[in-house]
Protein chains: 2
Amino acid sequence: METVATPVKGRPREFCVDMALAAALRVFWSKGYEGASLNDLTEAMGITRPSLYAAFGNKEALFRKALDLYETEKLAYVGKSLAEPTARGVAEHLLRGSMENQTSTCEPHGCLGVISSVACGEEAECIRLEVLERGKVARRALVERFERAKVEGDLPESVDVEGLTSFLYALLQGMAVQAGAGATRADLERMIDTSMIMWPSK
Amino acid sequence: METVATPVKGRPREFCVDMALAAALRVFWSKGYEGASLNDLTEAMGITRPSLYAAFGNKEALFRKALDLYETEKLAYVGKSLAEPTARGVAEHLLRGSMENQTSTCEPHGCLGVISSVACGEEAECIRLEVLERGKVARRALVERFERAKVEGDLPESVDVEGLTSFLYALLQGMAVQAGAGATRADLERMIDTSMIMWPSK
DNA sequence: CCGTTTCCATATCGAGCGGTATATAATCAA
DNA sequence: TTGATTATATACCGCTCGATATGGAAACGG
């Protein structure tokens with residue numbers, strides 16, 4: 001996981017880039033892009049301001065790299081969920097994976113994507129658009145998965161796939177809001193159980 | 001709607017307090033508490049900074065008054081929804097009322113409560129707690145309404161009322177997130193239609 | 001040893017933040 | 001008219017923001 005090509009010349013870096021990025025992710029995750037100040041970031045990362053700029057460019061570039069890390073490490077369950085054999089299994093795994101991701105005892109609660117798209121001033125608009133775009137990509141994958149489920153017969157023909165996807169997305173987003181507001185894992189579990197009882201088809 | 005007891009002495013105010021407050025609400029609604037700067041507020045309200053402080057106290061007091069206005073004027077549909085004869089009617093009216101409130105063509109999209117509770121730095125924590133508390137009050141009313149629905153028989157005995165309430169809240173919050181992200185009224189309508197198909201009972 | 005390169009530490013930049021001091025303008029009671 | 005009272009207008013306060021300039025410390029090839 002170490003950065004591969006450390007330049008041989010010059011003074012070597014005194015911190016681990018990956019660990020610093022992971023620390024930055026936690027700060028963004030709990031405070032949002034604009035809520036995370038450079039003081040917050042450098043303190044959590046254990047480095048100074050010029051080191052941060054030398055290693056990551058600027059705050060926006062750092063956020064994008066943190067977002068990449070978030071997707072690959074924290075949202076791995078999304079890809080796995082899509083591989084479930086039925087639409088119902090996809091939805092349930094998405095909901096439960098999201099719940100675990102958003103109520104971990106050792107990481108911030110809530111969802112980085114939701115926080116970043118809601119809590120975003122107009123000067124960081126491009127950050128917001130970036131986050132929304134990534135969300136749309138995942139949404140399209142979900143729509144296609146449900147279309148397939150219809151073909152395969154585990155989703156009733158009468159279901160509006162777009163509506164169902166928005167419905168599931170709303171549950172995921174609402175769960176993120178509630179997790180950020182202090183809901184416990186048990187709270188969310190009851191919500192998911194109730195949701196799954198209503199899920200169409202079998 | 002004019003402020004009743006205008007003091008008879010001294011130079012009279014040159015602006016309407018209610019209109020200024022309504023303008024401030026729109027700014028908070030679209031940008032959140034911290035995202036709304038005093039320049040944003042004064043410009044939208046058409047008054048200067050000292051006038052704002054003389055009339056409203058400070059930014060936090062202004063926000064609380066805007067929050068009161070939001071509840072009484074924009075969330076009036078909540079109380080009406082609770083008076084619906086069935087649990088299903090309550091849910092549907094809440095969802096559709098929320099949709100209309102969040103996708104008005106002449107007002108900001110999304111929900112002031114969701115924006116304010118998600119997009120809130122740590123120095124404005126008391127604002128966040130205030131918003132969350134108001135949300136909890138409404139949630140309790142919803143739980144009681146669904147308990148009553150069980151007694152009255154229009155909600156199956158097997159339903160977990162807390163879970164159902166969290167479920168409905170999640171839909172409302174998710175809808176706010178999507179509306180803030182640019183979802184159209186038609187998008188949300190499909191989501192609500194799909195949700196209502198799944199609603200338990202009647 | 002040297003010169004080069006890269007990194008770290010401190011101090012600082014200009015801009016925007018929430019909030020206010022000061023002076024002037026407008027209205028009332030007398 | 002005069003004095004008291006209140007609103008407005010301008011300029012400013014201390015502070016934090018993201019971002020950098022500067023100078024020295026640590027590694028390398030020669």
Side-chain angles (χ1 to χ4, degrees), chain A residues 2-21 24 27-28 31-66 116 119-128, chain B residues 2-21 23-24 27-28 31-66 116 119-127:
Chain A
E2 195 70 33
T3 308
V4 188
T6 303
V8 283
K9 291 209 273 190
R11 177 176 172 176
R13 194 170 266 139
E14 293 182 1
F15 64 94
C16 169
V17 174
D18 294 313
M19 287 188 183
L21 182 59
V27 177
F28 283 128
K31 303 193 165 194
Y33 176 71
E34 298 204 287
S37 73
L38 279 183
N39 281 340
D40 296 331
L41 291 165
T42 53
E43 186 182 356
M45 300 164 83
I47 64 177
T48 63
R49 224 172 270 229
S51 297
L52 189 155
Y53 278 81
F56 299 101
N58 59 14
K59 187 184 177 184
E60 183 177 329
L62 174 63
F63 179 82
R64 285 182 205 274
K65 286 169 185 166
S116 303
C120 189
E122 53 202 6
E123 75 178 22
E125 183 75 5
C126 60
I127 288 288
R128 187 172 152 267
Chain B
E2 196 71 31
T3 306
V4 188
T6 303
V8 282
K9 293 208 274 195
R11 175 175 175 177
R13 194 169 266 137
E14 294 182 0
F15 63 94
C16 169
V17 174
D18 294 313
M19 286 189 184
L21 182 58
V27 177
F28 283 128
K31 302 192 166 195
Y33 175 71
E34 299 205 285
S37 73
L38 281 182
N39 281 341
D40 296 330
L41 291 165
T42 54
E43 185 183 356
M45 298 165 84
I47 64 178
T48 62
R49 223 171 273 229
S51 297
L52 188 155
Y53 277 79
F56 300 101
N58 58 15
K59 186 184 177 182
E60 183 177 329
L62 174 62
F63 179 81
R64 286 181 204 277
K65 285 169 185 166
S116 303
C120 189
E122 54 203 5
E123 77 176 21
E125 183 74 5
C126 60
I127 288 288

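So that the names make sense, note that chain A is the first sequence line, chain B the second, and so on, each numbered from 1. Since the model is a prediction, treat every value here as computed from it, not as a measurement. Side chains included, hydrogens not; waters and symmetry mates left out as well; all remaining heavy atoms used.
- Among the nucleotides D/dA19, C/dC8, C/dG19, the one closest to the side chain of A/Lys59 is D/dA19.
- For B/Asn39 and B/Glu14, each mapped to the nucleotide of DNA chain C holding its nearest heavy atom, the one lying further toward the 5' end belongs to B/Asn39.
- With C/dC7, C/dC17, D/dT8 as the choices, the nucleotide that has an atom nearest any side-chain atom of B/Phe15 turns out to be D/dT8.
- For residues 44-65 of chain A, the pairs satisfying salt bridge (Lys or Arg N to Asp or Glu O under 4.0 Å) are A/Glu60-A/Arg64, A/Arg64-A/Glu130, with sequence neighbours left out.
- Proximity note for B/Arg11 (side chain, C-beta onward) versus C/dG19, C/dA25, D/dA19: the nearest is C/dA25.
- Partners of B/Thr42 under the side-chain hydrogen bond (donor to acceptor under 3.5 Å, both in side chains) rule, at least two apart in sequence or in another chain, do not exist in this structure.
- The side chain of A/Leu38 has D/dG18 as its nearest neighbour among D/dT8, C/dG19, D/dG18.
- Under the salt bridge (Lys or Arg N to Asp or Glu O under 4.0 Å) criterion, the residue pairs touching residues 31-43 of chain B are A/Glu122-B/Lys31, B/Lys31-B/Asp40, with sequence neighbours excluded.
- Annotation: proximity of residues 41-56 of chain B to DNA chain D (heavy atom, distance under 4.0 Å) is found for B/Thr48, B/Pro50, B/Ser51, numbered in ascending order.
- Partners of B/Arg11 according to the salt bridge (Lys or Arg N to Asp or Glu O under 4.0 Å) rule, which considers only residues two or more places apart in sequence or in another chain, are B/Glu14.
- In this structure, CD of B/Glu122 is placed 12 Å from P of D/dT16, rounded to the nearest angstrom.
- Rounded to an integer number of Å, the gap from CD of A/Glu34 to C1' of D/dG18 is 11 Å.
- Across the protein-nucleic acid pair, A/Arg13 atom CZ and C/dT5 atom C1' stand 14 Å apart, rounded to whole Å.
- Comparing the axis of the opening five pairs of the helix from C/dC1-D/dG30 to C/dA30-D/dT1 with that of the closing five pairs yields an angle of 10°, rounded to 10°.
- Nucleic acid contact for A/Ala36: sugar-phosphate only, since backbone atoms but no base atoms lie under 4.0 Å from a heavy atom of the residue.
- Closest of all the heavy-atom pairs between A/Leu21 and A/Ala66 is CD1-N, 3.7 Å.
- Under the rule for a salt bridge (Lys or Arg N to Asp or Glu O under 4.0 Å), A/Glu123 has no partner lying at least two apart in sequence or in another chain.
- Of all heavy-atom pairs between B/Met45 and B/Ala23, the closest is CA-CB, 4.0 Å.
- B/Val27 and B/Ala36 make their closest contact through CG1-CB, 3.7 Å (heavy atoms, listed as atom of the first residue, atom of the second, distance).
- Between A/Asn58 atom CG and C/dC13 atom C1' there is a gap of 17 Å when expressed in whole angstrom units.
- For the pair A/Asp40 and A/Gly57, nearest-nucleotide mapping onto DNA chain D gives the more 5' position to A/Asp40.
- Relative ring orientation between A/Tyr33 and A/Phe28 is described as parallel, the plane-to-plane angle staying below 30° on a 0-90° scale split at 30° and 60°.
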